[in-house]
Number of protein chains: 2
Amino acid sequence: MSEAIPSGTRNTRQRSEVLALLREVEGFRTPQQLYVELRQRDAQVGLTTVYRTLQLLVDAGEVDTTRLPGGEQLFRWCSPSHHHHLVCRRCGTAVEVKGPAVERWADRVAGEHGYTDIDHTIEIFGTCADCAA
Amino acid sequence: MSEAIPSGTRNTRQRSEVLALLREVEGFRTPQQLYVELRQRDAQVGLTTVYRTLQLLVDAGEVDTTRLPGGEQLFRWCSPSHHHHLVCRRCGTAVEVKGPAVERWADRVAGEHGYTDIDHTIEIFGTCADCAA
DNA sequence: CTGCGTGCAAATAGTTTGCAGTTCA
DNA sequence: TGAACTGCAAACTATTTGCACGCAG
């Protein structure tokens, strides 16, 4: 039932807690934030485990990761299709956005310069309507 | 003559060394790399000073900064106009690219979702022709 | 002169790892 | 049962800061 836990790994209480939280929140979170939120809901999970679980999920392609301009890692439960994010720099709420034209632009530009094995990062940061209020 | 050092600050040997190196190299560098390269050319500059000088230059808008997927900060001497980078993930060589259409897309998307005070990050990573050889 | 700049060493912050004890399959 | 998992504490990495001294203006 609690599918989502990568196969070949164990389904532990801690992992379920992390997964459950990730699926509930709507934006990106740092491992530290997740740790705090877990404690608030009385979920007994160590910070180390939060980090390890997140890494596990990233490897399994079940969560999406990016970085704050300041350098901390952010994680978010994420739909599998390729897209980018519009992230509130205050509360972390994120909106998934698509931009097929942008993808094409990136590939074209890279190709024109002789670059191969292209990958790209597009993040839009702003203050969401709620936080701006 | 060695203009480029932000006004209101002193023109020291160390700052000139950092600036000179930045202007010579063509790609992004981490503070640590710059520090090593400076020592190799017998420029006596402390790591702390490298960090402080880079911060100074970023504040003055004279260098451009971004992050490696791993999280370390990268700095590059950079032309003043707004643009993005196509960075070789192997050697750090970077090409400045412009994409007015992308800028507009980012602003429009953000606005549609009620976000304000927009900023964006667009980085394209790839392997340059030389490194692919 | 005089205060900004420098560099060492120590402090931080985020993240990772070693290891002994615990737990799932 | 026994390998995988957990969590504490310690290790690490990148970066920042405190402070006494030095040099630019």
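Residue numbers begin at 1 in each chain, while the letters A, B, ... track the order of the sequences.
What separates CG of L54(B) from C1' of dT6(C) is a distance of 15 Å, to the nearest Å. Spacing between atom CD of Q33(B) and atom C1' of dT13(D) amounts to 15 Å, rounded to whole angstrom units. Atom CD of E17(A) is separated from atom C1' of dG7(D) by 15 Å (rounded to the nearest Å). Atom P of nucleotide dC4(C) and atom CZ of R15(B) are separated by 11 Å, given to the nearest angstrom. The CZ atom of R29(B) sits 18 Å away from the C1' atom of dA14(D) (whole-angstrom rounding).
At least one side-chain nitrogen or oxygen of Q14(A) sits closer than 4.0 Å to the OP1 or OP2 atom of dG7(D).
Looking at R13(A), its side chain does come within 3.5 Å of a backbone N or O of Q44(A) through a donor-acceptor pair. With hydrogens and angles disregarded, a donor-acceptor distance shorter than 3.5 Å links the side chain of R15(B) to the backbone of R10(B).
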Query - Contact state string [nucleotides 19-25 of chain D, B base, S sugar-phosphate only, - no protein heavy atom under 4.0 Å] - result: ----BBS
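Under the 4.5 Å side-chain criterion, counting only non-hydrogen atoms from C-beta, K98(B) is not in contact with H84(B).
If you run salt bridge (Lys or Arg N to Asp or Glu O under 4.0 Å) between R76(A) and each of E24(A), E96(A), E62(A), only E96(A) comes through.
Among the heavy atoms of the strands, none lies under 4.0 Å from Q55(A).
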Report task. Apply side-chain hydrogen bond (donor to acceptor under 3.5 Å, both in side chains) to the pair E123(A) and T66(A), showing each step before the final yes or no. Result -> CA-CA 8 Å; E123(A) 298 292 336; T66(A) 192; 2.9 Å; yes
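Under the side-chain hydrogen bond (donor to acceptor under 3.5 Å, both in side chains) criterion, T65(A) pairs with Q73(A), sequence neighbours left out.
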Write down the protein N/O and nucleotide N/O pairs, taken from nucleotides 9-15 of chain C, whose separation is under 3.5 Å; answer none if there are no such pairs.
from    : atom 1 : to     : atom 2 : distance (Å)
dT15(C) : OP1    : Q73(A) : N      : 2.9
dT15(C) : OP2    : Y51(A) : OH     : 2.6
dT15(C) : O5'    : Y51(A) : OH     : 3.2

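In summary, R108(B) and E112(B) engage in a salt bridge, as defined by a charged side-chain N under 4.0 Å from a carboxylate O.
Taking OG1 of T121(B) as the reference point, atom NE2 of H85(A) lies at 13.5 Å (rounded to 0.5 Å).
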